[in-house]
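FYI, the numbering just counts along the sequence from 1.
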Amino acid sequence: MKVAICDDSIEDLMTIESVLLKYCERNPKVSFEVEKFSDALQLYGKIQAKEIADLYILDMIMPEKSGIALGNKLRRCGSEKTIIYITSSNEFAMEAYDVHAIRYLLKPLREDQLFEALDCAFSYSEPANGSRYLVRTKGGLVSVLYSQIEYIENSSRMLAVHLVNGEVIKSIFIRGSFDEEIRELASDSSFLHVHKSFLVNMRYVRQLDRDSILLESGSSIPISRKRAADVKKEYLTYISDQYR
């Protein structure tokens, strides 16, 4: 696993790398290829050039480019790679959530907290052969990773599977109900059935309103009145689970 650490404090960079080495010692099946950055602009340039790591451990407050700016750049590049923030202030927690960071740790860094965050990072990242959704199209079956799906819309008994990269995969006419077609996906904790015709991936929710959900792509998805209370409850549960 390629890990990029970015902190303008050399001392903190070395501390984080030391904890990573200890984590590897305790978990022999795990290995890290670590790249350290004390200059956030340098890492920003690598992200811009699509030189993407698997895991990012970022200081939140840095000159030139903040950790949030780096996280936003990653997401705009279409990357879902895991982000862990480490910071001296707790005032940016909501911004960390907006870029779907899995943990927000306060300095001074505690070894046990980073160990737990790394455990979460491994469980959160989906392998190449991870869960997939099969879409029946005119050209045949198309297999899509769950993590690549932003939302699914049912229109005139045909599915439009919207991916995070902007691609839309359209199905042939479905014989069963929408509920039947998405049953397996809806059982995954990341997906939420918000309307009789829409299923969304909560990883990509930017904002939840009373009657709609705004996604990272800018798409606005309606929430049906009868589902509104359950949608809010399930979404808040999902958020709290990400920040335990």
Would a hydrophobic clustering, with Ile, Leu, Val, Met, Phe, Trp and Tyr connected at side-chain separations under 4.5 Å, put [X] with [Y]?
X      : Y      : value
Leu214 : Val99  : no
Ile172 : Ile152 : no
Leu21  : Ile16  : no
Ile182 : Met158 : no
Ile10  : Val19  : yes

Would you mind reporting whether [Y] and [X] have side-chain heavy atoms less than 4.5 Å apart?
X      : Y      : result
Tyr44  : Leu70  : yes
Ser38  : Leu13  : yes
Leu185 : Tyr146 : yes
Val231 : Leu192 : yes
Leu163 : Val168 : no
Leu114 : Leu118 : yes

Taking the side chain from [X] and the backbone from [Y], do they hold a donor-acceptor pair closer than 3.5 Å?
X      : Y      : value
Gln207 : Ile213 : no
Tyr104 : Ala101 : no
Arg103 : Ala117 : no
Asn201 : Ile149 : yes
Arg157 : Arg175 : yes
Ser219 : Leu215 : no
Ser212 : Asp209 : no
Arg183 : Phe178 : no

Nonpolar side-chain network containing Tyr204, other nodes, edges under 4.5 Å: Val164
Relative to the ring of Tyr238, is the ring of Tyr235 parallel (under 30°), tilted (30 to 60°) or perpendicular (over 60°)? parallel
What is the distance from atom [atom1] of [X] to atom [atom2] of [Y], rounded to the nearest 0.5 Å?
X      : Y      : atom1 : atom2 : answer
Lys50  : Cys77  : NZ    : SG    : 5.0 Å
Ile83  : Leu58  : CD1   : CG    : 6.0 Å
Lys73  : Lys65  : NZ    : NZ    : 8.5 Å
Ser189 : Glu234 : OG    : CD    : 10.5 Å
Met62  : Leu41  : CE    : CG    : 9.5 Å
Asp7   : Met60  : CG    : CE    : 11.5 Å

Just wondering, more than 12 heavy atoms not from Arg136 lying within 6.0 Å of its CZ? no
Counting only heavy atoms not in Glu111, do more than 12 fall under 6.0 Å of its CD? yes
Below 4.0 angstrom, N of the basic side chain to O of the carboxylate: do [X] and [Y] qualify?
X     : Y      : result
Asp54 : Lys2   : no
Asp59 : Lys107 : yes
Lys46 : Glu35  : yes

Which atoms form the tightest heavy-atom contact between Glu180 and Gly176, and what is the distance? OE1-CA, 3.1 Å
Would you check if the distance from the ring center of Phe198 to the ring center of His193 is below 6.0 Å? no
Any donor-acceptor pair under 3.5 Å linking the side-chain atoms of Gln148 with those of Tyr133? no
Donor on one side chain, acceptor on other, Asp119 and Tyr23, under 3.5 Å: yes
